[in-house]
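Heads up, the thing below is written out as structure tokens.
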Amino acid sequence: MDKLLLSGNEAIARGAWEAGCRVGTGYPGTPSTEILESLTDYDGVMTEWSVNEKVALEVGIGAALAGARTLVTMKHVGLNVAADPLFTSSYIGVKGGLVIACADDPSMHSSQNEQDNRNYAYHAKLPMLEPADSEEAKDFTKLAFEISEAYDTPVILRSTTRISHSQSVVTTGPRAELPSTEGFTRDVRKYVMIPAYAKLRHVEVEKRLGRITADANTFEINRVEMGDTKIGFITSGIAYTYVRELYPGASVLKLGMVHPLPEDLIRRFVDSVDRVFVVEELDPFFEMRIKAWGLEVEGKQHLPILGELNPDRIREALEKAGVASEKTIHGGIKNGFQLPPRPPALCPGCPHRTVFQKLHDKGLKVTGDIGCYTLGALPPFSAMDTCVDMGASVTVAQGIEIAEGEAHKRDTVAVIGDSTFAHSGISGLINAAYNGRHGLVIVLDNGTTAMTGMQPNPFSGERIDHSESFQLDYEKLAAAVGISAENYRMVDAYKPSDIEEAVTDLGERSGMSLLVVKGTCVILKQKLKKRSAA
Ligand SMILES: Cc1ncc(C[n+]2csc(CCOP(=O)(O)OP(=O)(O)O)c2C)c(N)n1
């Protein structure tokens with residue numbers, strides 16, 4: 001056994017490897033990306049970037065049904081994309097353990113919203129574990145595989161930005177030696193979710209949830225730390241660490257399994273202390289349920305519902321509620337050194353800059369998408385008018401065209417990155433061509449998924465382990481989805497006049513047009529140089 005300093009993401013990968021995980025799939029997204037990248041460094045695990053999260057989970061389901069312990073990774077909004085297979089995988093269950101490691105981003109450090117994915121566990125009737133540091137991230141990942149197989153269910157492992165990106169000490173162990181899988185075997189009533197079988201499986205799902213709910217009362221990861229009985233806290237994840245720092249003498253019920261909740265344990269804890277606070281980041285997920293059982297607890301009437309918690313925010317809120325903290329912690333956001341604000345901007349030398357300058361100069365309306373290029377919305381370019389979710393540039397433009405009808409001036413273009421195009425832009429383009437729309441879609445191809453740290457994608461010609469792969473061909477793709485040869489163009493990102501000419505020409509054409517603007521990301525260039533020198 002060794003001690004290593006690992007980030008939460010690295011620890012999840014380590015836990016998966018120690019658990020004998022054989023397959024890892026995922027789609028990049030901060031703060032989850034490094035989980036699959038770290039897993040790739042271990043022997044004995046097949047990893048791959050999928051084109052999107054739905055695909056990643058479906059490949060994961062297949063691998064688990066063939067008996068392999070499988071880890072699927074994504075960020076919180078990725079689970080929206082994967083929600084369809086998620087809900088039905090709950091009915092189908094597993095053969096090899098299936099763990100979905102999903103990282104929320106409270107405070108939206110790098111996201112378009114701050115949804116609380118504990119709600120997915122409830123909604124899909126799945127168990128969810130939430131670690132509070134890297135050691136737990138590793139241990140809970142191993143436990144998640146065991147629970148998955150013991151209860152025949154996928155398990156969600158929830159992380160948050162602070163857990164995923166903070167480092168702490170992890171005690172490592174050996175890899176579990178598992179017998180080789182027998183492969184996929186037929187079980188039509190369990191794996192084919194036609195209504196007749198799904199109805200039967202739903203009964204099993206409810207029974208399973210009941211069993212896990214009962215057993216959760218004795219799971220060691222749901223732990224009572226009894227102290228002063230005047231005040232008690234019910235908490236989980238990073239919030240537990242803050243509570244422990246601020247109130248070392250208080251009684252704490254730390255929930256390692258955040259769904260389903262151990263009702264008996266919680267009832268006993270609430271009965272054993274005078275005043276109970278539920279301290280949880282984002283939604284009142286525990287609080288609502290505990291109050292629905294008729295128990296008296298306090299929570300969001302004092303504590304913020306928006307953004308990350310930190311010791312200062314908790315202390316201030318609870319001081320107002322009449323609870324003095326036992327410790328003054330220096331170095332929190334309020335007391336600590338304030339860095340000067342540094343608004344984000346496209347990199348100097350970024351190949352996307354010229355396009356946005358041209359779109360700005362032409363006064364076009366731009367439906368945008370998610371990636372580095374979303375920064376084209378900000379000055380000096382101010383050349384983006386919508387940004388909803390991955391792929392929505394192509395589809396929102398179609399909605400505008402339809403609603404404006406005759407009055408539509410053909411002055412709207414869609415702008416999307418290469419990874420985002422592969423993720424969900426292509427299906428929108430098929431929809432546009434199929435329905436006879438007339439817009440211009442501009443793909444900003446910088447050769448990588450830059451926003452999340454340079455992961456390859458189907459347009460890069462490379463896989464997660466840098467092995468060579470086939471490269472998706474834009475021209476053939478355009479032809480296949482119904483774009484005529486005259487309506488397709490590829491230009492160099494560093495040739496402004498070619499971009500100008502192409503935008504003008506393609507923008508006026510009848511039918512859908514596709515313009516690919518190619519220019520390698522400047523940071524990728526440096527990385528490639530370093531890699532070839534190594
Ligand atoms: C559903 C979903 N999954 C993942 C992400 C994280 N994410 C943000 S942008 C992006 C892709 C960016 O790559 P690309 O489109 O090639 O643009 P670039 O950043 O390279 O300019 C990803 C994966 C997200 N926002 N939403």
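Side chains are part of it too, since the values below use all heavy atoms of this structure and drop only hydrogens, waters and symmetry mates. Counting begins at 1 with the first residue of the sequence. Atoms within a ligand are numbered from 1 in the order they appear, just like the ligands themselves.
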min-distance protein heavy atom vs atom 17 (O) of ligand 1 -> Tyr373 CE2, 3.1 Å
shortest atom 15 (O) of ligand 1-to-protein heavy-atom contact is with Thr420 OG1, 2.5 Å
Best match, Met390, His352, Glu53, His423: closest heavy atom to atom 10 (C) of ligand 1 | Met390
Proximal candidate to atom 19 (O) of ligand 1 [heavy atom criterion; set Cys521, Ser393, Ala82, Cys372] | Cys372
Below a 4.0 angstrom heavy-atom separation, can you tell me which part of [X], side chain or backbone, both or neither, approaches ligand 1?
| X | answer |
| --- | --- |
| Phe421 | neither |
| Asp389 | neither |
| Thr452 | side chain |
| Ile370 | both |

Can you list the ligand 1 atoms lying under 4.0 Å from a non-hydrogen atom of Gly29?
-> 6 (C)
Atoms of ligand 1, numbered as shown, that sit under 4.0 Å from any heavy atom of Pro28 = 4 (C), 6 (C), 23 (C)
Polar side chain donor-acceptor pair, [X] to [Y], under 3.5 angstrom:
| X | Y | answer |
| --- | --- | --- |
| Gln167 | Ser7 | no |
| Lys362 | Thr504 | yes |
| Tyr120 | Asn80 | yes |

After noting the C-alpha distance and the side-chain angles of Leu514 and Asn487, does the key distance pass the side chain to side chain contact (heavy atoms under 4.5 Å, CB included) rule?
-> CA-CA 6 Å; Leu514 182 66; Asn487 284 25; over 6 Å; no
Arg14 NZ/CZ over Tyr42 ring centroid, <6.0 Å and within 45° of normal | no
Do Phe285 and Tyr122 have ring centres separated by under 6.0 Å?
-> no
Does even one non-hydrogen atom of Gln112 get within less than 4.0 Å of ligand 1?
-> yes
Thr412 OG1 to Leu440 CG distance, which is reported to the nearest 0.5 Å | 10.5 Å
